*Asks:* 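Have a look at the structure that comes next, please.
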2 protein chains.
Amino acid sequence: MPKDYSLGSVEIKLSPLERFAQFLQSRGKRVTRQRRLIVEQVFSHHDHFDADELIGHLQDLIAQRKLSRPTVYRTLAELTEAGLIRKMTLSGRGVYEHEYGYPRHDHLHCEICNRLLEFQSAELEHLVAEVAAEYRFHVTGHRMFVTGICAECRRRQGIE
Amino acid sequence: MPKDYSLGSVEIKLSPLERFAQFLQSRGKRVTRQRRLIVEQVFSHHDHFDADELIGHLQDLIAQRKLSRPTVYRTLAELTEAGLIRKMTLSGRGVYEHEYGYPRHDHLHCEICNRLLEFQSAELEHLVAEVAAEYRFHVTGHRMFVTGICAECRRRQGIE
DNA sequence: CTACTTGCAAATCATTTGCAGATGA
DNA sequence: TCATCTGCAAATGATTTGCAAGTAG
């Protein structure tokens with residue numbers, strides 16, 4: 001029987017915005033219009049994104065000067081600190097994904113379409129623990145990227 | 001019996017410089033004094049390094065204008081392309097390690113001392129293959145980073 | 001009120017590039 | 001010879017910062 005590497009979701013008690021508000025409050029920071037707008041856009045759909053893509057989605061607001069590029073960067077950093085999103089670096093630029101409400105997972109990165117597929121593996125977690133024990137290393141996290149070509153791109157390449 | 005995650009070395013028939021010369025030739029490129037100096041420094045000891053550290057070691061030569069910063073970057077790119085070294089990105093900046101003459105491995109990254117420990121795991125390779133098969137993903141490589149605190153730093157922290 | 005925020009413009013910082021002179025095969 | 005290289009200075013591009021004006025609590 002093949003194992004299931006797919007992802008479900010994790011139950012959450014607060015909306016991302018509520019959770020962020022909580023974080024901000026605990027830091028003596030304020031819930032501003034800009035921060036609200038950004039959180040809403042970020043959590044409007046589950047996807048990996050970089051700062052430019054996010055800014056692209058917020059283009060209108062930026063054109064109307066309701067929001068600026070630096071504020072987007074500042075807020076992304078806060079969301080990361082708050083644990084709402086997770087930041088990784090792909091070929092030099094920051095890439096983000098939801099952390100709040102999503103289970104821990106790792107990635108398959110397609111070199112052709114640049115997409116990130118997610119998978120979960122209990123064995124991997126176990127293996128990490130085993131290696132760490134051997135090195136007397138205290139694990140706080142891990143990040144695994146498998147690079148290659150996804151099924152779709154392989155098919156497409158086969159055709160072309 | 002605990003498993004062995006440590007690394008040996010891989011037998012090589014050519015010195016890094018010879019191998020690089022071969023690569024350069026195949027590309028119609030030249031073996032210059034600068035490229036020689038850089039390869040020699042890079043392979044003078046097994047370690048992880050970034051461009052600045054390497055440039056630091058070559059400081060004298062740079063001061064004497066026998067070598068320049070852009071040439072170091074250019075040569076690092078060529079060495080990577082040649083498969084002599086492997087490039088990774090750690091918090092935004094490029095970090096390199098020997099690939100030629102060293103077995104495939106993954107890393108434990110200490111958040112305190114910033115050191116990279118290497119480990120090898122056949123199980124990990126196997127796991128990657130298994131997950132990839134499930135996704136019909138064609139693997140070309142993988143990169144795994146376990147982050148945490150190394151034994152030395154834990155001891156030091158325990159003391160302080 | 002007033003400390004935290006923001007937009008703007010300018011600064012950073014690692015890395016890259018254009019180009020005229022230098023050099024390896 | 002002469003195409004490839006190199007150093008220099010300047011460009012890049014993502015991200016960050018200083019600062020005066022705006023605003024949440």
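Order of the sequence lines fixes the chain letters, A, B, ..., with proteins taken first and strands second; residue numbering starts at 1 for each chain. Note that the structure is a prediction, hence the values are computed from the model and not measured.
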*Asks:* At less than 4.0 Å, is any side-chain N or O atom of B:Thr71 found next to OP1 or OP2 of D:dC5? Yes or no.
*Replies:* no

*Asks:* A:Leu37 has an atom CG; how far is it from atom C1' of D:dT23, in whole Å?
*Replies:*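 After rounding, the reported distance stands at 15 Å.
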
*Asks:* Could you give the start and end, 5' to 3', of the contact zone on DNA chain C for chain A, using atoms under 4.0 Å from its heavy atoms?
*Replies:* C:dA3 to C:dA9

*Asks:* So how far off straight is the helix from C:dC1-D:dG25 to C:dA25-D:dT1, going by the axes through five pairs at either end, to 10°?
*Replies:* 30°

*Asks:* Quick check on D:dG25: is either OP1 or OP2 less than 4.0 Å from any side-chain nitrogen or oxygen of A:Gln25?
*Replies:* no

*Asks:* Check the side chains of A:Asp106 and A:His142 for a donor-acceptor pair under 3.5 angstrom, ignoring hydrogens and angles.
*Replies:*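 The answer is yes; a qualifying pair exists.
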
*Asks:* Tell me whether A:Lys29 is salt-bridged to A:Glu78, with the criterion being a basic N under 4.0 Å from an acidic carboxylate O.
*Replies:* yes

*Asks:* Tell me the interatomic distance from A:Arg33, atom CZ, to D:dA24, atom P, rounded to whole angstroms.
*Replies:*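 These atoms are roughly 7 Å apart.
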
*Asks:* So, A:Glu53 side chain and A:Asp50 main chain: donor-acceptor pair closer than 3.5 Å or not?
*Replies:* yes

*Asks:* Which nucleotide, D:dT16, D:dG7, D:dC5, lies nearest any side-chain atom of B:Lys29?
*Replies:*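 Looking only at heavy atoms from C-beta outward on B:Lys29, the closest nucleotide is D:dC5.
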
*Asks:* Using atom types as modelled and distance alone, determine if a side-chain donor or acceptor of B:Thr140 lies under 3.5 Å from a backbone N or O of A:Thr147.
*Replies:*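 Indeed, once roles are kept as given, a pair shorter than 3.5 Å links the two residues.
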
*Asks:* Does the A:Thr89 side chain pair with the main chain of A:Gly92, one donor and one acceptor, at a distance under 3.5 Å?
*Replies:*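 Not at all, since once roles are kept as given, no pair shorter than 3.5 Å links the two residues.
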
*Asks:* Tell me, do A:Arg104 and A:Glu125 make a side-chain contact under 4.5 Å, heavy atoms counted?
*Replies:*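 Side chain of A:Arg104 against side chain of A:Glu125, heavy atoms only: contact under 4.5 Å found.
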
*Asks:* Could you tell me whether the phosphate oxygens of D:dT6, OP1 or OP2, come under 4.0 Å of any side-chain nitrogen or oxygen in B:Arg65?
*Replies:*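 For B:Arg65, the contact criterion (side-chain N or O under 4.0 Å from OP1 or OP2 of D:dT6) is not met.
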
*Asks:* When the nearest nucleotide of DNA chain D is assigned to B:Gly28 and to B:Ser68 on a heavy-atom basis, which residue is associated with the more 5' position?
*Replies:* B:Gly28

*Asks:* B:Arg35 side chain to B:Thr75 main-chain N or O, any donor-acceptor pair under 3.5 Å?
*Replies:* no

*Asks:* Using heavy atoms to find the nearest nucleotide of DNA chain D for B:Pro70 and B:Arg35 separately, return the residue whose nucleotide is more 5′.
*Replies:*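 It is B:Arg35 whose nearest nucleotide is closer to the 5' end.
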
*Asks:* Please report the distance, rounded to the nearest Å, between CZ in A:Arg93 and P in D:dT12.
*Replies:*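 About 17 Å, once rounded to whole Å.
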
*Asks:* Assign each of A:Leu24 and B:Tyr73 to its nearest nucleotide of DNA chain C by heavy atoms, then name whichever residue's nucleotide is nearer the 5' end.
*Replies:*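 With A:Leu24 and B:Tyr73 compared, the 5'-side residue is A:Leu24.
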
*Asks:* Counting only N and O atoms by type, is there a donor-acceptor contact under 3.5 Å from the side chain of A:Tyr135 to the main-chain atoms of B:Glu118?
*Replies:*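 A pair under 3.5 Å: yes.
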
*Asks:* Taking any heavy-atom pair under 4.0 Å as a contact, classify A:Gly92: base, sugar-phosphate, or nothing.
*Replies:* nothing

*Asks:* Quick one: does A:Ser15's side chain have a donor or acceptor within less than 3.5 Å of a partner on A:Glu18's backbone?
*Replies:* yes

*Asks:* What is the separation between atom CD on A:Gln34 and atom P on D:dG22, rounded to the nearest whole Å?
*Replies:*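 Taking atom P of D:dG22 as the reference, CD of A:Gln34 is at 13 Å.
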
*Asks:* Round to the nearest Å and state the distance from A:Leu54 atom CG to D:dA14 atom P.
*Replies:* 15 Å

*Asks:* Starting from C1' on D:dA14, measure out to CZ on A:Arg74 and report it in whole angstrom.
*Replies:*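 The answer, rounded to whole Å, is 15 Å.
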
*Asks:* Nearest whole angstrom, please: distance from the C1' of D:dT16 to the CG of A:Asp52.
*Replies:* 15 Å

*Asks:* Using a heavy-atom cut-off of 4.0 Å across all strands, would you classify B:Arg30 as base, sugar-phosphate, or nothing?
*Replies:* base

*Asks:* Which word best sums up how the rings of B:His105 and B:His48 line up, parallel for under 30°, tilted for 30 to 60°, or perpendicular for over 60°?
*Replies:* perpendicular

*Asks:* Rounded off to whole Å, could you give me the CD1-to-P distance for the B:Ile55 and D:dG7 pair?
*Replies:*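 After rounding, the gap between these two atoms is 11 Å.
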
